[in-house]
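One structure is given below, encoded as structure tokens.
Letters go in sequence order (proteins before strands), and every chain restarts at 1.
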There are 2 protein chains.
Amino acid sequence: MDSSPNLDAVFAALANPTRRAILARLVAGEASVNTLAAPFEMSLPAISKHIRVLETAGLITRGRDAQFRPCALNPDALRQVANWTDQYRHIWDVRFDAMDRILKSTKDTENG
Amino acid sequence: MDSSPNLDAVFAALANPTRRAILARLVAGEASVNTLAAPFEMSLPAISKHIRVLETAGLITRGRDAQFRPCALNPDALRQVANWTDQYRHIWDVRFDAMDRILKSTKDTENG
DNA sequence: TGCTTAATTAACATGTTGTTTTATTAATGA
DNA sequence: TCATTAATAAAACAACATGTTAATTAAGCA
């Protein structure tokens with residue numbers, strides 16, 4: 001059933017405030033390792049490791065620009081979290097059914 | 001900024017397939033530790049610890065019924081995950097803005 | 001070439017997680 | 001009271017996570 005090995009890595013990556021802060025920063029756009037490290041008191045290797053964890057989980061992708069290795073958000077992994085969460089939405093969200101119907105009809109419109 | 005200690009525990013709890021499967025089972029309703037343990041090959045103490053992790057993270061609550069300690073989902077923690085996720089929704093979901101407007105208007109209707 | 005900047009690797013200390021087996025607590029019911 | 005069932009606690013241990021400092025790779029530039 002629920003044995004998707006990827007979700008393990010994604011949730012584990014999200015279970016750290018430094019890594020969530022890095023993701024939050026990347027919403028504003030690509031950034032180098034040093035740029036991402038700046039707000040933290042932590043050493044650069046520590047941030048480098050956090051970035052590796054995010055990359056392995058698929059939450060970010062990395063590019064190349066001279067010595068720089070710019071990081072960018074990967075929407076796919078975030079969407080995976082959202083999809084997992086949506087499974088539970090009806091438990092608390094009384095508006096879920098209505099929203100679900102609306103989204104479905106939007107999709108129908110797109111496909112029609 | 002993003003220093004909510006609770007999200008750490010919630011995401012850490014979700015980073016394990018056994019614990020996610022337990023949550024999935026609890027959608028069907030309350031269950032005792034033994035009932036929850038049945039589908040797994042793991043020892044009972046191991047499941048007991050997983051349940052403790054879920055409880056500490058606030059993802060489940062526990063009751064008392066004779067020797068039984070029934071577990072139930074706690075929507076609040078799941079909603080917390082959804083709220084975090086929703087921060088990123090606009091990154092991939094082109095329908096996010098429309099949905100957001102719809103939900104806001106629904107809320108207005110409720111409050112009016 | 002040699003210097004500087006960006007980033008990773010290596011080696012290490014320390015703490016946490018996931019699991020086991022064995023022992024214990026606590027409630028039920030004959 | 002004694003046996004049974006439900007669940008937790010305790011002790012042990014391997015594996016992994018998180019951070020450090022020091023060393024290394026790699027690109028850019030004088």
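Atom CZ of B:Phe11 and atom P of D:dT18 are 14 Å apart (whole Å). In this structure, B:Leu54 places its CG atom 12 Å from P of D:dT8, rounding to the nearest Å. Atom CZ of A:Arg52 and atom P of C:dA10 are 10 Å apart (whole Å). Following rounding to the nearest Å, B:Asp65 (CG) and C:dA26 (C1') show an atom-to-atom distance of 14 Å. Counting to the nearest Å, the C1' atom of D:dG19 and the CG atom of A:Leu44 are 13 Å from each other. Distance, A:Phe68 CZ to C:dT8 C1': 15 Å, rounded to whole Å. Taking atom NE2 on B:His50 and atom P on C:dT17, their separation rounds to 12 Å, with Å as the unit. In this structure, the CD1 atom of A:Ile51 is 14 Å from the P atom of C:dA6, given to the nearest Å.
Checking the phosphate oxygens (OP1, OP2) of C:dT5, no side-chain nitrogen or oxygen of A:Asn34 falls inside 4.0 Å. In terms of phosphate contacts, B:Ser43 brings a side-chain nitrogen or oxygen within less than 4.0 Å of OP1 or OP2 of C:dT20. A:Ser32 has no side-chain polar atom (N or O) that falls below the 4.0 Å cut-off from OP1 or OP2 of C:dA6.
Of the candidates D:dA27, D:dT8, C:dA7, the closest approach to any side-chain atom of B:Ser48 belongs to D:dT8. Set against C:dA7, C:dA6, D:dT20, the side chain of A:Val33 has C:dA7 as its closest nucleotide. Relative to the side chain of A:Asn16, the nucleotides C:dA6, D:dG19, D:dA6 differ in distance, and D:dG19 lies closest. Closest to the side chain of B:Arg19, from the set D:dG19, C:dT8, C:dG18, is C:dG18.
Residue A:Pro45 is the one, among A:Arg64 and A:Pro45, whose nearest nucleotide of DNA chain D lies closer to the 5' end (criterion: closest heavy atom). Checking A:Gln67 against A:Ala15, the closest nucleotide of DNA chain D that is more toward the 5' end is the one next to A:Ala15.
Within 4.0 Å of B:Ala46, counting heavy atoms only, lies at least one base atom of the nucleic acid. Backbone-only engagement by B:Arg62 is indicated by non-hydrogen atom pairs under 4.0 Å involving sugar-phosphate atoms exclusively.
The base of C:dT19 lies close enough to the side chain of B:Lys49 for a donor and an acceptor atom to sit less than 3.5 Å apart.
In this structure the side chain of A:Val10 never reaches within 4.5 angstrom of the side chain of A:Trp84, judged on heavy atoms.
Between the side chain of A:Ser48 and the backbone N or O of A:Leu44 there is no donor-acceptor pair closer than 3.5 Å. Using a distance-only test at 3.5 Å, with no hydrogens or angles considered, a donor-acceptor pair links the side chain of B:Asn74 to the main chain of B:Gly58. Of the possible polar contacts, one joining the B:Arg20 side chain to the B:Leu14 backbone as a donor-acceptor pair under 3.5 Å is found.
A:Leu59 pairs in a side chain to side chain contact (heavy atoms under 4.5 Å, CB included) with only one of the listed residues (A:Leu23, A:Leu26, A:Asp76, A:Ile51), which is A:Leu23.
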